[in-house]
Amino acid sequence: MKLQGMPFLCVNTQHKRMITKMTHVSIYVTDQARAYDFYTNKLGFKVITDVPMPNNDRWITVCPPEQPGFEIMLAPINRGLFSKETANALKELVEKGTFGVGLFTCDDIYATYEELKAKGVEFTKVPKKEFYGIEAIFKDDSGNWFSLAQLV
């Protein structure tokens with residue numbers, strides 16, 4: 001069945017579901033070694049994969065300690081996927097803090113905020129009550145920003 005020229009995904013239980021879940025996401029980083037340190041030592045994430053690749057590159061995935069089925073790839077901008085001009089433009093955008101990459105949750109935002117701040121994590125928004133819970137915003141070492149929330 002097609003809908004306006006696009007394949008139509010039927011949710012009927014007689015049909016197999018095509019997409020079942022997301023398991024990996026890429027975060028573009030400006031320095032992979034520095035990002036490795038940030039995500040493991042400052043945020044406390046676990047390393048799932050760290051495999052050497054050609055040209056002094058590494059395939060690195062990390063995850064929050066309580067979410068082992070979801071991996072974050074620390075993808076260096078200069079990996080060779082982009083032209084030099086595109087890589088330079090992307091690097092500039094990342095460093096400017098253009099990209100809000102995701103939302104992390106925690107049980108006690110005030111304690112988590114203080115712990116991360118003490119480890120040198122830069123916050124651009126202190127914990128503040130919002131309609132969905134309490135939210136703070138921090139940046140990684142490359143400039144990507146994330147919400148940190150204690151949801152209600």
Side-chain angles (χ1 to χ4, degrees), residues 6-7 9 16-152:
M6 299 298 290
L9 177 61
K16 274 187 152 179
R17 289 180 285 161
M18 294 171 57
I19 298 173
T20 57
K21 63 182 169 180
M22 179 180 273
T23 61
H24 292 70
V25 66
S26 293
I27 295 176
Y28 288 116
V29 297
T30 57
D31 182 302
Q32 198 177 42
R34 204 176 65 218
Y36 180 98
D37 179 64
F38 179 86
Y39 284 89
T40 59
N41 294 324
K42 291 188 178 182
L43 298 186
F45 287 7
K46 291 182 182 178
V47 175
I48 303 298
T49 308
D50 187 354
V51 178
M53 292 176 59
N55 302 319
N56 259 350
D57 197 1
R58 292 158 61 192
W59 183 270
I60 300 173
T61 66
V62 297
C63 74
E66 295 183 24
Q67 195 177 12
F70 184 71
E71 297 180 43
I72 300 168
M73 293 181 276
L74 303 179
I77 293 169
N78 63 356
R79 180 168 274 160
L81 299 174
F82 307 109
S83 69
K84 185 176 181 179
E85 295 80 22
T86 300
N88 286 339
L90 181 56
K91 181 177 187 279
E92 186 177 320
L93 289 169
V94 169
E95 290 174 337
K96 282 183 180 178
T98 305
F99 302 108
V101 181
L103 166 78
F104 295 116
T105 60
C106 60
D107 295 326
D108 182 344
I109 194 163
Y110 296 107
T112 304
Y113 169 79
E114 291 299 333
E115 179 183 347
L116 294 178
K117 200 169 125 185
K119 290 180 177 181
V121 174
E122 180 186 347
F123 281 83
T124 58
K125 176 183 175 185
V126 299
K128 180 181 176 198
K129 187 162 177 45
E130 304 289 354
F131 70 92
Y132 47 84
I134 305 166
E135 178 194 51
I137 296 178
F138 70 90
K139 294 189 334 184
D140 72 5
D141 64 296
S142 294
N144 298 298
W145 62 269
F146 297 88
S147 287
L148 174 66
Q150 181 178 333
L151 303 174
V152 289

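Keep in mind that this is a model prediction, so the values were computed, not measured.
The distance from the CD1 atom of Ile77 to the CD atom of Gln32 is 11.5 Å, given to the nearest 0.5 Å. Taking CD1 from Ile27 and OG1 from Thr61, the interatomic distance works out to 11.5 Å, rounded to the nearest 0.5 Å. Rounding to the nearest 0.5 angstrom, the gap separating the OG1 atom in Thr40 from the CG atom in Asp50 is 10.0 Å. Atom-to-atom distance recorded for Leu148:CG and Phe123:CZ is 5.5 Å, nearest 0.5 angstrom. The structure places CH2 of Trp59 at 8.5 Å from OG1 of Thr49, a figure rounded to the nearest 0.5 Å.
By the salt bridge (Lys or Arg N to Asp or Glu O under 4.0 Å) test, Lys139 pairs with Glu122, sequence neighbours left out. For Lys42, there are no salt bridge (Lys or Arg N to Asp or Glu O under 4.0 Å) partners, not counting sequence neighbours. Not counting sequence neighbours, Phe38 has no partner by the ring-ring contact (aromatic ring centres under 6.0 Å, His included) test. Every side-chain contact (heavy atoms from CB on, under 4.5 Å) that Pro65 has, sequence neighbours left out, goes to Phe45, Lys46. Every residue was checked against the side-chain hydrogen bond (donor to acceptor under 3.5 Å, both in side chains) condition with Thr98, not counting sequence neighbours, and none meets it. Partners of Asp37 under the salt bridge (Lys or Arg N to Asp or Glu O under 4.0 Å) rule, at least two apart in sequence or in another chain, do not exist in this structure. Judged as a salt bridge (Lys or Arg N to Asp or Glu O under 4.0 Å), and not counting sequence neighbours, the contacts of Lys96 are Glu92.
Under the side-chain hydrogen bond (donor to acceptor under 3.5 Å, both in side chains) criterion, the residue pairs touching residues 101-115 are Glu115-Lys119, with sequence neighbours excluded. Under the salt bridge (Lys or Arg N to Asp or Glu O under 4.0 Å) criterion, the residue pairs touching residues 140-151 are Arg34-Asp141, with sequence neighbours excluded. For residues 60-101, the pairs satisfying ring-ring contact (aromatic ring centres under 6.0 Å, His included) are Tyr28-Phe82, with sequence neighbours left out. A salt bridge (Lys or Arg N to Asp or Glu O under 4.0 Å) check over residues 126-138, counting only residues at least two apart or in different chains, returns the pairs Lys125-Glu130, Lys125-Glu135. Within the structure, the salt bridge (Lys or Arg N to Asp or Glu O under 4.0 Å) test picks out the following pairs touching residues 63-88 (sequence neighbours left out): Asp57-Arg79.
Between Phe138 and Phe146, the ring-plane angle classifies as parallel under the 30° and 60° cut-offs.
Atom CE of Met22 has 12 or fewer neighbouring heavy atoms from other residues, nucleotides or ligands inside a 6.0 Å radius.
Smallest separation of non-hydrogen atoms from Gly133 and Val152: CA-CG1, 3.8 Å. Between Ile109 and Ala136 the shortest heavy-atom distance is CD1-N, 3.7 Å. Residue Ala33 comes nearest to Asp31 through the heavy atom pair N-OD1, 3.1 Å, listed as atom of the first residue, atom of the second, then distance.
In this structure, the side chain of Ser142 engages the main chain of Thr30 through a donor-acceptor pair within 3.5 Å.
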